[in-house]
Number of protein chains: 2
Amino acid sequence: MIGYRIKVLRQKRRLSLTELADRAGIAKSYLSYIERNLQKNPSIQFLEKIALVLEVDVETLIGEETMVKGVKQDLEQEWIDLARKAVLTGITKEEFQEFQRFVEYTNWKKKHKT
Amino acid sequence: MIGYRIKVLRQKRRLSLTELADRAGIAKSYLSYIERNLQKNPSIQFLEKIALVLEVDVETLIGEETMVKGVKQDLEQEWIDLARKAVLTGITKEEFQEFQRFVEYTNWKKKHKT
DNA sequence: GTACTTTGATCCGATAACCGATCATCGAGA
DNA sequence: TCTCGATGATCGGTTATCGGATCAAAGTAC
């Protein structure tokens with residue numbers, strides 16, 4: 001639930017509800033209702049304000065659980081963070097794909113060890 | 001702008017505005033206003049309904065351009081796809097992190113070649 | 001040709017989103 | 001001890017969201 005995610009992130013950042021609301025330029029009363037999931041349909045602009053202060057993207061707040069044709073499309077946030085970090089480090093897509101092929105090969109090898 | 005993105009994706013899927021609205025269970029009048037950016041603050045649930053029909057995640061609709069302390073936080077969709085593929089292939093985070101350290105080491109080596 | 005259907009745009013209103021003010025409680029400082 | 005400020009929760013009101021109805025134009029079938 002979106003409210004819970006906001007609350008956890010806020011606490012992770014050591015922000016009070018009041019502080020987050022002030023910084024985001026939103027009403028703390030509404031934020032309180034959202035965090036407790038008493039209100040569940042905030043607007044995109046409201047969420048963007050919060051995301052900005054919490055230094056995450058909106059997707060993180062709403063949860064990556066979009067279903068596409070019954071197939072779960074969520075990608076664990078940790079993987080996204082890893083990819084992001086990789087980009088900042090300077091890894092190219094080619095290097096990554098090379099690595100992926102290597103792992104596939106390794107797995108294949110494991111499988112055919114007998 | 002969010003409305004433009006929705007429109008483009010909808011046309012890509014060969015859906016009429018009416019059809020998308022019907023499938024998403026939303027009012028086509030509001031969708032029309034949104035697509036033309038006459039209204040710019042839809043709710044998260046409204047967007048999730050659209051995203052589901054268009055088979056994208058909400059982030060795609062709103063644009064991955066969240067700025068975090070002046071640093072662009074968008075992550076190229078291709079990288080996300082690579083990460084996703086990696087997960088399906090069975091790569092563990094530990095393996096990936098190992099690889100990352102290796103690349104960092106390689107880059108460091110390159111740098112200190114002289 | 002006419003009749004019907006579909007499209008996206010326009011209009012108006014109900015209601016939930018979101019606000020500011022207030023409240024009860026707690027903690028810190030004098 | 002008392003006072004003040006901060007916290008998160010509660011309350012009532014404004015207004016923008018989002019809905020349904022309608023419209024004008026285009027397309028299709030007979």
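Values in this document were obtained by computation on a predicted structure and should not be read as measured data. Naming convention: chains lettered A, B, ... in sequence-line order (proteins, then strands); numbering from 1 in each chain.
- To the nearest 0.5 Å, atoms CG (L54(A)) and CG (L47(A)) are separated by 10.5 Å.
- Here CD of E55(A) is found 10.5 Å from CG of L9(A). Values are rounded to the nearest 0.5 Å.
- Here chain B contacts DNA chain D (any atom closer than 4.0 Å to a heavy atom, that is under 4.0 Å), and the contacts span dT17(D) to dA21(D) from 5' to 3'.
- The shortest side-chain heavy-atom distance between L61(B) and I44(A) does not fall under the 4.5 Å cut-off.
- Checked by atom type and distance alone, the side chain of N41(A) pairs as donor or acceptor with a backbone atom of Q45(B) at under 3.5 Å.
- For R36(B), a side-chain nitrogen or oxygen approaches OP1 or OP2 of dT10(C) to under 4.0 Å.
- Between L15(B) and V53(B), some side-chain heavy-atom pair lies under the 4.5 Å cut-off.
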Inset, instruction - Quick one, give me the B/S/- string for nucleotides 11-27 of chain C, reading 5' to 3', where B means a protein heavy atom under 4.0 Å from the base and S means that only happens at the primed atoms, P, OP1 or OP2. - result: B-----SBBBB------

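- A donor-acceptor pair under 3.5 Å is absent between the side-chain atoms of R23(A) and the main chain of E19(A), judged by distance alone.
- Residues from residues 8-19 of chain B placing a heavy atom under 4.0 Å of any atom in DNA chain C, listed by number, are R10(B), S16(B), L17(B), T18(B).
- Between the CD1 atom of I50(A) and the CZ atom of R5(A) there is a distance of 13.0 Å, given to the nearest 0.5 Å.
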Legend entry - Candidate pair E48(A) and V58(A), rule side chain to side chain contact (heavy atoms under 4.5 Å, CB included), full reasoning: CA-CA 6 Å; E48(A) 280 174 344; V58(A) 173; 3.7 Å; yes

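- Between atom CZ of residue R36(B) and atom CG of residue L17(B) there is a gap of 8.5 Å, rounded to the nearest 0.5 Å.
- In terms of heavy-atom proximity, L20(A) sits nearest to R10(A) at CD2-CD, 3.6 Å.
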